[in-house]
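In this text, all values refer to a predicted model and were calculated from it rather than measured experimentally. Note on naming: letters A, B, ... go to the chains in the order of the sequence lines (proteins, then strands), and numbering restarts at 1 for each one.
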Amino acid sequence: MVKNRLIASIIVRDGRVVQSEQFKHTNVIHYDAIHAIDNFTRWSVDEIVLINVSRDSSGQQKFKELLSYVTRKCFVPITAGGWINELDYGLSLISSGSDKILINTALYENPKMVQQLIERLGKQCIVASIDYRYINDAPIVCIDRGEKSIGIDPVSWANQLDSMGVGEIYLNCIDRDGKRKGYDLNILGEICHAVSIPVIAFGGVFRWKHLLEGIQAGADAVAAANIFHYTEHATKKAKRFLKEAGVNIREPRFIN
Amino acid sequence: MENTCIGIVDYDAGNIQSVINALDHIGVNNRLVSNPEHLVEFDGLIIPGVGAFDDAMYSLAKKGLIDGLNAIKGTKPVLGICLGMQVLCESSDEGSQAGLGWINAKVKKIEASNSKIKVPHMGWNQVNNTFDPLFEDIPNHSDFYFVHSFCVVSEDKELVQCSSEHGGTFTSAFVKDDVYGVQFHPEKSQDHGLTLLTNFIKVCHGKK
């Protein structure tokens, strides 16, 4: 059986690692992405997601350079995304060493480009990011870094993306982002049971038990960002906790 | 191994940079090769690959690499990774093109027998019944990283192979006369993956 995965998400703005709270990225974490990746992989993280949250598309080139630099010594799978608004840029992230690309806004605004990326790279390379927030108690998908509602609920959107042919879903409830309350388990569970592709839960992890709750809700992989930056041996400890709780996960160990 | 040079077969099938990064890290000379006449210059070849079977075969054919590879068959070790492993087989359910047919095996769709079996098979999974020299110094049942929707199935009792489970049992690695195939991505399987690539390079070095 394929194992559940623990994923470290690294959020960068203008080449620097930042903290995220409800999509406001104010706090610069004082070390660079290469050190974060180096530590997490040593502590047996299963996968890395690197997201560019720069305020405008001018950060594309710099992000690509960062990606080339960090992937030279990263021997676990890495997904890169943020500001993928052109076919060539999406393809260039793969040739810069990324294994998969994360797409959000273009899924809605430029599905033709997404289709071309699927054809060129194969569906397993395309991770569909879904951000949603509660508006009048109803979960609604938002694009453009969470700023623009598209008026569709996340479960229907996940089903549409599955039919569109993406390879994975990366699910984030904006209200939970950086709020330390754990994942939004109801929507997560619904989507995991609705789609045929793997689902990655993200947003709100503050305790290791939040990761466990995500897996119990049906997530194939669980991701977190902020929490991993502030704990020594963080990803190894998180995996140890999951393993002891009976989760089928790759052995936590120190890997040189 | 300083004088050993590995050719990475470049047929526009994605994900090549990860293989280059891993070989650079190990410290072995490596170059991309897309001209069939240059295949003879290397001590060993890696056929990487992510994507669709027919596209891969068309692309290999267009560059003259099908004839080129057939011409060097048996003269040096070859390692196919993921789709690169599948093209070594006879055929695939994914497409209508013939594979290289070096290995007596077929490529089948992974069966999603229940809702817990998701396709693509994506993530870390155990590799069982490992064989030397490719898996030397790697514990049996170690985890490697997989990403694929089709898998190799062989009835050939003579074929040395490892197995993994997802939906059913499939061939996760094989070897026949220094033709190696691995369904997982050693370049993305951390220390065990790098050890496996080092073992392959040692085989190439030994055959010089």
Sort [X] into side chain, backbone, both or neither according to what part of it lies under 4.5 angstrom from a heavy atom of chain A.
| X | answer |
| --- | --- |
| B:Ile20 | neither |
| B:Ala22 | both |
| B:Gln190 | both |

Among [options], which residue has the highest count of heavy-atom pairs closer than 4.5 Å to chain B?
| options | answer |
| --- | --- |
| A:Gly122, A:Ser196, A:Gly218 | A:Ser196 |
| A:Ile197, A:Asp220, A:Asp99 | A:Asp99 |
| A:Asp46, A:Ile78, A:Asn248 | A:Asp46 |

From the list A:Ile126, A:Leu161, A:Val166, side-chain contact (heavy atoms from CB on, under 4.5 Å) partner of A:Ile103 resolves to A:Ile126
Is [X] close to chain B through its backbone or its side chain, or both, or neither, when contacts mean heavy atoms under 4.5 Å?
| X | value |
| --- | --- |
| A:Ser68 | neither |
| A:Asn4 | neither |
| A:Arg5 | side chain |
| A:Glu168 | side chain |
| A:Ser95 | backbone |

Salt bridge present between B:Lys106 and B:Asp93 (N-O < 4.0 angstrom):
no
Output field: ring centroids [X]/[Y] closer than 6.0 Å:
| X | Y | answer |
| --- | --- | --- |
| B:Phe184 | B:Phe146 | yes |
| A:His229 | A:Phe40 | yes |
| B:His185 | B:Phe144 | no |

So how far is it from B:Lys176 NZ to B:Asp156 CG, rounded to the nearest 0.5 Å?
6.5 Å
Here the gap from B:Phe53 atom CZ to B:Leu83 atom CG, rounded to the nearest 0.5 Å, amounts to 7.5 Å
Is it true that atom OH of A:Tyr69 has more than 12 heavy atoms of other residues, nucleotides or ligands lying nearer than 6.0 Å?
no
Between B:His121 and B:Asn125, do the side chains contain a donor N or O and an acceptor N or O under 3.5 Å apart?
yes
Can you confirm if the NZ or CZ of B:Lys63 lies within 45° of the ring axis of B:Tyr11 and under 6.0 Å from the centre of its six-membered ring?
no
Side-chain contact, heavy-atom cut-off 4.5 Å: A:Ile130 with A:Val141?
yes
Sort by residue number and list every member of residues 165-172 of chain B having a non-hydrogen atom under 4.5 Å from chain A.
B:Glu165, B:His166
